[in-house]
Amino acid sequence: MTKKRALFFLLLMIVIPLSTVKAQHFLEKSFLLVFPNGVAKQVAYINIPKGVPFAGNFEVEVTGTFGSQISRGLLSKRTDIIYNGTFGSYFNQSSVVTEASEPLAAQWNIGDFDPETSQIPIYHLASTSNQIGVKIRFHIIQEASVPRLQNGLTVTDPVVVDNSVTRPFKYFNESRIGVGTNSPEHKLDIVGTARAHEIIVNTQKTADFVFEPDYKNPSLEQIDAFINTNKHLPGIQSAVQMEKEGLNVGQFQIDLLQKIEELTLHLIEKNKEMKDLKENMKVMQQEINMLKGSK
């Protein structure tokens, strides 16, 4: 290898790592926190140095061990943020819990960044002694803010603060999530099969109005005429509509319930007619027997 080529590779080895570090603008810092036993509603605070602007995202990760109870698991919260370093300047943040594994997730909660105090609270939801590892990871735009954040990041000792904070759950804050598709058209768009042991659908629509005294239940003759003309039940989408527009499961279930209730009213009415018919036949049979007996 020539001296010129060796010098080139030496410069390449130096320049590439330096440029890579400058391009990333990230930092990571970890702390160990110990929460004493028998004290409820304890909160520790991550102190972010004031007056330091940063835009990008940061993630707070909490992991545990065994103290007075098992506290294994992971709780992680990512915050996307634009912050000019002073309260009242342009500020915006959106956070999402990216991981919440048991049992740790039931014992801790990571709060949102407070621009007024420049703090992030960590809530202990149990009163048993535990120690946790806290890791803060920044990925930001401003290169000059990295050393200031690295040197200024601290965590306070736990203090008692009255609060009603509850356990967090993993969640998504994306406007649309696609499974099996890269172009979702709905909040959650699944192309394929979804499986669940139980599904609860919230609905504003109900069908009990069918049982109100002023409800005019379509007669069987009217339903028969509608079916002969349209080839589907009144108030129910046609097969063509279902194939074209899809099916709103919650609304469809209520529509079917309405048809069941209407049918129930028809059955009740027919049952009354049958009872009246049987009673009339019984009376007629008695009259026939009386006529036979008088001969």
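Both Val134 and Leu149 are part of a single hydrophobic cluster, where members link through side-chain heavy atoms under 4.5 Å apart. Placement of Tyr83 and Val96 within a single hydrophobic cluster is found when ILVMFWY residues are connected by side-chain heavy-atom separations under 4.5 Å, directly or transitively. Both Tyr171 and Leu104 are members of a single hydrophobic cluster when ILVMFWY side chains are connected at heavy-atom separations under 4.5 Å. Ile136 and Leu74 sit in two unconnected hydrophobic clusters of ILVMFWY residues. Membership requires side-chain heavy atoms under 4.5 Å apart, directly or through other members. With hydrophobic clusters built from ILVMFWY side chains whose heavy atoms lie under 4.5 angstrom apart, Leu125 shares a cluster with Tyr45.
The closest side-chain heavy-atom distance from Gln119 to Ile46 is not below 4.5 Å. Val160 has its side chain within reach of Val39: a pair of non-hydrogen atoms, C-beta onward, lies under 4.5 Å apart. Between Lys231 and Ile227, every side-chain heavy-atom pair lies at or beyond the 4.5 Å cut-off. His25 is not listed as a side-chain neighbour of Ile141, based on a closest heavy-atom distance of 4.5 Å or more. Residues Ile120 and Asp114 fail the side-chain proximity criterion, which asks for heavy atoms closer than 4.5 Å.
Heavy-atom neighbours of Phe172 CZ from other residues, nucleotides or ligands within 6.0 Å: at or below the threshold of 12. For Gln204, the CD atom sits in a loose shell: 12 or fewer heavy atoms of surrounding residues, nucleotides or ligands are nearer than 6.0 Å. More than 12 heavy atoms of other residues, nucleotides or ligands sit less than 6.0 Å from atom CD of Gln286.
The distance between the ring centers of His232 and Phe226 falls below 6.0 angstrom. Annotation: Phe58 is in aromatic contact with Phe138 [ring centroid separation under 6.0 Å].
Atom CD in Glu273 sits 12.5 Å away from atom CD1 in Ile268 (nearest 0.5 Å). Within the model, atoms NZ of Lys270 and CG of Leu277 stand 11.5 Å from one another, a figure rounded to the nearest 0.5 Å. With rounding to the nearest 0.5 angstrom, the CD atom of Glu102 is 10.5 Å from the OG atom of Ser71. Here Ser101 contributes atom OG and Leu75 contributes atom CG; the two are 8.0 Å apart, rounded to the nearest 0.5 Å. Atom CG of Leu256 sits about 11.5 Å away from atom CD of Glu261, to the nearest 0.5 Å. To the nearest 0.5 Å, atom CG of residue Asp255 and atom CD1 of residue Ile236 are 4.5 Å apart.
Shortest non-hydrogen contact noted between Ala100 and Pro168 is CB-O, 4.2 Å. Here the closest heavy-atom approach between residue Val201 and residue Gly250 is recorded as CG1-CA, 3.7 Å. Annotation for Gln42 and Pro158: closest pair OE1-CB, 3.7 Å, computed over non-hydrogen atoms. In terms of heavy atoms, Ser145 sits closest to Ile140 at CB-CD1, 4.0 Å. Minimum heavy-atom separation, Val43 to Pro121: CG1-CB, 3.9 Å. Across Gln107 and Ile70, no two heavy atoms sit closer than the pair NE2-O, 3.1 Å.
Looking only at atom types and distance, the side chain of Asn47 has a donor-acceptor partner in the side chain of Thr154 under 3.5 Å away. Checking Glu59 against Thr79 by side-chain atom types alone, no donor-acceptor pair falls below 3.5 Å.
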Please report the C-alpha distance between Ile132 and Thr63 in whole Å, then the side-chain angles of each, then the deciding distance to 0.1 Å, and finally whether the side-chain contact (heavy atoms from CB on, under 4.5 Å) criterion is met.
CA-CA 6 Å; Ile132 56 171; Thr63 190; over 6 Å; no

Verdict with supporting geometry, Val161 and Tyr123, side-chain contact (heavy atoms from CB on, under 4.5 Å):
CA-CA 9 Å; Val161 177; Tyr123 300 93; 5.9 Å; no

side-chain contact (heavy atoms from CB on, under 4.5 Å) assessment of Ile48 paired with Phe54
CA-CA 11 Å; Ile48 296 178; Phe54 54 93; 4.0 Å; yes

Output, in order, the C-alpha distance, side-chain angles, deciding distance and verdict of side-chain contact (heavy atoms from CB on, under 4.5 Å) for His266 and Ile223.
CA-CA 12 Å; His266 282 299; Ile223 296 173; 4.2 Å; yes

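Side chain of His139 to backbone of Asn57: no donor-acceptor contact under 3.5 angstrom is found. Put simply, the side chain of Asp224 never gets that close to the backbone of Leu220: no donor and acceptor are under 3.5 Å apart. Of the possible polar contacts, none joining the Gln251 side chain to the Asn248 backbone as a donor-acceptor pair under 3.5 Å is found. Remark: the backbone N or O of Ser183 is not paired with any side-chain donor or acceptor of Arg176 at under 3.5 angstrom. In terms of modelled atom types and a separation under 3.5 Å, the side chain of Gln241 and the main chain of Ser238 share a donor-acceptor contact.
Under 4.0 Å is where a charged nitrogen must lie from a carboxylate oxygen, and between Glu99 and Arg78 no such pair does. Salt bridge absent: Glu279 and Lys282 never bring a charged side-chain N and a carboxylate O closer than 4.0 Å. A salt bridge links Lys259 and Glu262; the closest N-O separation between the charged side-chain nitrogens and carboxylate oxygens is under 4.0 Å. Ion pair Asp162/Lys41 flagged as a salt bridge, since at least one NZ, NE, NH1 or NH2 atom sits closer than 4.0 Å to an Asp/Glu carboxylate oxygen.
Partners of Asp276 by salt bridge (Lys or Arg N to Asp or Glu O under 4.0 Å), not counting sequence neighbours: none found.
Among the candidates Asp112, Thr98, Asn109, the single residue satisfying the side chain to side chain donor-acceptor pair (under 3.5 Å) test with Lys77 is Asp112.
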Would you give me the side-chain donor-acceptor pairs under 3.5 Å for residues 27-37, sequence neighbours excluded?
residue, atom, partner, partner atom, Å
Glu28, OE1, Arg137, NE, 3.1
Lys29, NZ, Gln150, O, 2.7
Lys29, NZ, Leu153, O, 3.1
Asn37, OD1, Ser129, N, 2.8

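Taking the six-membered ring where the residue is Trp, Phe91 and Phe113 present tilted rings, their angle falling between 30° and 60°.
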